[in-house]
Amino acid sequence: MASADATGGGAAESRPVVTRFAPSPTGYLHIGGARTALFNWLFARHHGGKYLLRIEDTDRARSTDAAIAAIHDGLEWLGLGGDEPAVYQFARTARHAEIAQMLLDSGHAYRCYLTPEELAERRALAQAERRPFRIDSEWRDCHAQGPAGTPFVIRIRAPREGETVIDDLVQGRVAVSNAEIDDFVLLRSDGTPTYMLAVVVDDHDMAVTHVIRGDDHLNNAFRQLVILRALGWPEPAYAHVPLIHGADGAKLSKRHGALGVDAYRDDLGILPEALFNYLLRLGWGHGDDEIISREQAIQWFDIAHVGKSPSRFDLAKLQNLNGHYMREADDGRLAHLVAQRIGYDVDLMLLERAMPVLKVRAKDLNELATGARFLIAPGPPPLDAKAEALLSDEARALLGTIHERLEARVDWTSEDLEATLKELAEELGLGLGKLAQPLRAALTGQTTSPGIFDVLVLLGRGESLARIAAQARTAADLDSMKE
RNA sequence: GGCCCCUUCGUCUAGCGGUCAGGACGUAGCCCUCUCACGGCUAAAACACGGGUUCGAUUCCCGUAGGGGUCACCA
């Protein structure tokens, strides 16, 4: 059964690679789901195959159009849209029922008239006696039909002897005794399919060759195999990738903060290429490589190097990566993204011009927007506490001198400004920092900013002079204070 | 609890019988410097534990401990 083929064993090897991402619409694209999608996408791309999408919306209560839209939105943002229009599982219930009937006809399944209440009772009893509960329906070997009109479910007639083995591409060989696999439900009493049936039928009809999904489905794979074998359908190769945990090692949940990729985009100001790279490196590695482009990822990705142990989500590392991608990002694009966050009309051209010196100082779009504030807000900026403290009388007097000197300059280029201020510093016997800091405070309202000459140039002559004047104390001011 | 899976620096990982156990994030220090960043350099930091197998185990096997997953007419 084991195969030397890099794409995995089983009957899958002769068919063209088809993977699929099959989320259930829960309101957003889960960060773990995004990685699963990524792995499926990469695997298909790497092998020149197809990557499909299927929305598991058979749970009507939980599925809303908004939730479905949110998932598509997240996938598109990450560049992980399907190669074909998504399949909606709910639309295929007739097909699912048809297969259930086939299974019934072939004797691989049976009608079970046990009610949910009866089952609950038996479960409770088993619980009380502290023995494992396994459904053992008396209808399994009774070929009679129940009384007409009584509701029934269709259960698989699962083998009880022997064991089932999966050669998982990630987990390796995993064997489970068939005694562990019960006669699970295929078709509910209302005629709708369960997940177990729907997955098998849809994967088959979509010609899926490689099922790459979360570790939490490993146990399901054994059940799905039972159906597959009863049907005599080809078995896909399985790859169960470990889950992503929160920073504390526990399963990722709401209390860990952002769960949906939309939150990383909207709230945390993360770029899609950064999340792509981060998710790729979570659970998968390629030597010492950290910064990996899409193209490179497609070339390098292999299931064999997916780790077997769960990994923890580390926001700091994501942000570091994001900082890297922001520095590489196009200035116009960043200006546009920042303008979007700020929400009101801004000078896009100015923002774009400022971007080279702004973006090296930010690791997400929020910080980028904050850093751009002094440029965007009109007029002299309000002083923060540190800036206020910095602007002593002495410093303000210095600003007066600077203003005087700068006012005489018409050139207003970075080079000229630098020469002028360094000259002044020398004349006064001061370090450049002594001039730059008060200047920075007056110009930006903060004690940190891009290089002071860049700030001066970006703000322009008129605005710069006005801001300096607003904080400067003239010689006359000082004189009047002495009196 | 039954079954299944996992275990290399704090975190993500490289390693696939013999390595000074490598890289990255984070942390600390230094350099660069008008501030903050960027960048560069340096440092501290790991093979969970116990048995085997072997000339030799981080690497292979078995236990222990810890962590995770799963046990629906949910997906």
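Everything quoted here is computed from the prediction, not taken from an experiment. Labels below follow one simple rule: chain letters A, B, ... track the order of the sequence lines, proteins then strands, and each chain is numbered from 1.
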Atom pair distance, as rounded to whole Å: CD1 in Ile244(A) and C1' in G67(B): 17 Å
Phosphate-side-chain proximity, Thr448(A) and A37(B), N/O vs OP1/OP2 below 4.0 Å: no
Shortest side-chain distance from Asp314(A), nucleotide among G10(B), C4(B), U70(B): G10(B)
Distance-only donor-acceptor test, Asp288(A) side-chain atoms vs G22(B) base atoms, 3.5 Å: yes
Phosphate contact (C73(B) OP1 or OP2) by Arg123(A) side-chain N/O below 4.0 Å: yes
Closest nucleotide among U70(B), C12(B), C73(B) to the Pro116(A) side chain: C73(B)
Aromatic plane relationship, His30(A) with Tyr28(A) - under 30° parallel, 30 to 60° tilted, over 60° perpendicular: tilted
Sugar-phosphate, base or nothing in reach of Pro151(A), heavy atoms under 4.0 Å: nothing
Gln446(A) side chain reached by Arg440(A) side chain, heavy atoms, under 4.5 Å: no
Sugar-phosphate, base or nothing in reach of Ala247(A), heavy atoms under 4.0 Å: nothing
Ser189(A) (side chain) and C73(B) (base): donor-acceptor pair under 3.5 Å: yes
Options C73(B), U11(B), A24(B), nucleotide nearest the side-chain atoms of Val185(A): C73(B)
Touch class at under 4.0 angstrom, heavy-atom based, for Gly307(A) against every strand present: nothing
Identified pairing partner of G17(B), criterion: Watson-Crick or G-U wobble below 3.5 Å: none
Interatomic distance, Gln319(A) CD vs C38(B) C1' [rounded to whole Å]: 17 Å
Spacing of the C1' atoms in C71(B) and A28(B) (rounded, Å): 48 Å
Modelled atom types, side-chain donor and acceptor of Asp202(A) and His96(A), under 3.5 Å: yes
Side-chain N,O (Asn320(A)) to OP1/OP2 (G26(B)) below 4.0 Å: yes
Glu180(A) side-chain proximity, nearest of U35(B), C4(B), C3(B): C3(B)
Sugar-phosphate only, base, or nothing, as touched by Thr447(A) at under 4.0 Å among non-hydrogen atoms: base
Sugar-phosphate only, base, or nothing, as touched by His305(A) at under 4.0 Å among non-hydrogen atoms: sugar-phosphate
Strand partner of A28(B), provided both Watson-Crick or wobble distances fall under 3.5 Å: U42(B)
Plane angle bin for Tyr278(A) and Phe313(A) - parallel if under 30°, tilted between 30 and 60°, otherwise perpendicular: perpendicular
Counterpart base for C36(B), defined by Watson-Crick or G-U wobble contacts under 3.5 Å: none
Under-4.0 Å side-chain N/O to phosphate OP1/OP2 contact, Arg281(A) with C25(B): no
Candidates U11(B), A75(B), C38(B) - which lies nearest the side chain of Val360(A): C38(B)
Watson-Crick or G-U wobble partner of G50(B), both distances under 3.5 Å: C62(B)
Touch class at under 4.0 angstrom, heavy-atom based, for Ile452(A) against every strand present: base
Nearest-neighbour nucleotide for the Arg155(A) side chain, C6(B), C73(B), A75(B) considered: C73(B)
Short side-chain N/O contact from Arg361(A) to OP1 or OP2 of U35(B), under 4.0 Å: no
Rounded distance (Å) that lies between atom C1' of C4(B) and atom CZ of Arg173(A): 14 Å
Residue of the set Arg327(A), Arg294(A), Arg333(A) for which salt bridge (Lys or Arg N to Asp or Glu O under 4.0 Å) holds with Glu273(A): Arg333(A)
Candidates A75(B), C25(B), U35(B) - which lies nearest the side chain of Met196(A): A75(B)
Sugar-phosphate, base or nothing in reach of Thr58(A), heavy atoms under 4.0 Å: sugar-phosphate
Rounded interatomic separation in angstrom, taking CZ from Arg373(A) and P from C36(B): 19 Å
Side-chain heavy-atom pair Leu315(A), Leu268(A) within 4.5 angstrom cut-off: yes
Sugar-phosphate, base or nothing in reach of Arg213(A), heavy atoms under 4.0 Å: nothing
Presence of Lys308(A) side-chain N/O under 4.0 Å of C6(B) phosphate oxygens OP1/OP2: yes
Touch class at under 4.0 angstrom, heavy-atom based, for His245(A) against every strand present: sugar-phosphate
Stacked cation flag Arg111(A) on Phe152(A), 6.0 angstrom / 45 deg: yes
Atom pair distance, as rounded to whole Å: CZ in Phe276(A) and P in C12(B): 21 Å
G29(B) and U64(B), which share atom name P, separated by this distance in whole Å: 46 Å
Interatomic distance, Leu321(A) CG vs G23(B) P [rounded to whole Å]: 19 Å
A72(B) phosphate, OP1 or OP2, under 4.0 Å from Thr194(A) side-chain N/O: no
Touch class at under 4.0 angstrom, heavy-atom based, for Val153(A) against every strand present: base
Arg92(A) and Asp205(A), any side-chain heavy atoms less than 4.5 Å apart: yes
Sugar-phosphate, base or nothing in reach of Phe453(A), heavy atoms under 4.0 Å: base
G23(B) and U19(B), which share atom name C1', separated by this distance in whole Å: 15 Å
Touch class at under 4.0 angstrom, heavy-atom based, for Leu430(A) against every strand present: nothing
Heavy-atom side-chain proximity of His108(A) to Arg157(A) below 4.5 angstrom: no
C41(B) and C25(B), which share atom name P, separated by this distance in whole Å: 11 Å
Atom C1', compared across G17(B) and G56(B): separation rounded to whole Å: 7 Å
Nucleotide G22(B), atom C1' - distance to CD of Glu290(A) in whole Å: 12 Å
Heavy-atom side-chain contact between Glu352(A) and Asp331(A) under 4.5 Å: yes
Between A75(B) (P) and Leu218(A) (CG): distance, integer Å: 20 Å
Along RNA chain B (nearest heavy atom to each residue), the more 5'-positioned of Gln171(A) and Cys112(A): Gln171(A)
Listed nucleotide nearest any side-chain atom of Leu243(A), set C34(B), A75(B), G69(B): G69(B)
5'-most by nearest nucleotide on RNA chain B - Ile135(A) or Lys359(A): Lys359(A)
Sugar-phosphate only, base, or nothing, as touched by Arg327(A) at under 4.0 Å among non-hydrogen atoms: sugar-phosphate
G1(B) - base-pair partner by Watson-Crick or wobble geometry, distances under 3.5 Å: C71(B)
Check: A37(B) base within 3.5 Å donor-acceptor of Lys363(A) side chain: no
Base of A75(B) paired with side chain of Asn220(A) (donor-acceptor, under 3.5 Å): yes
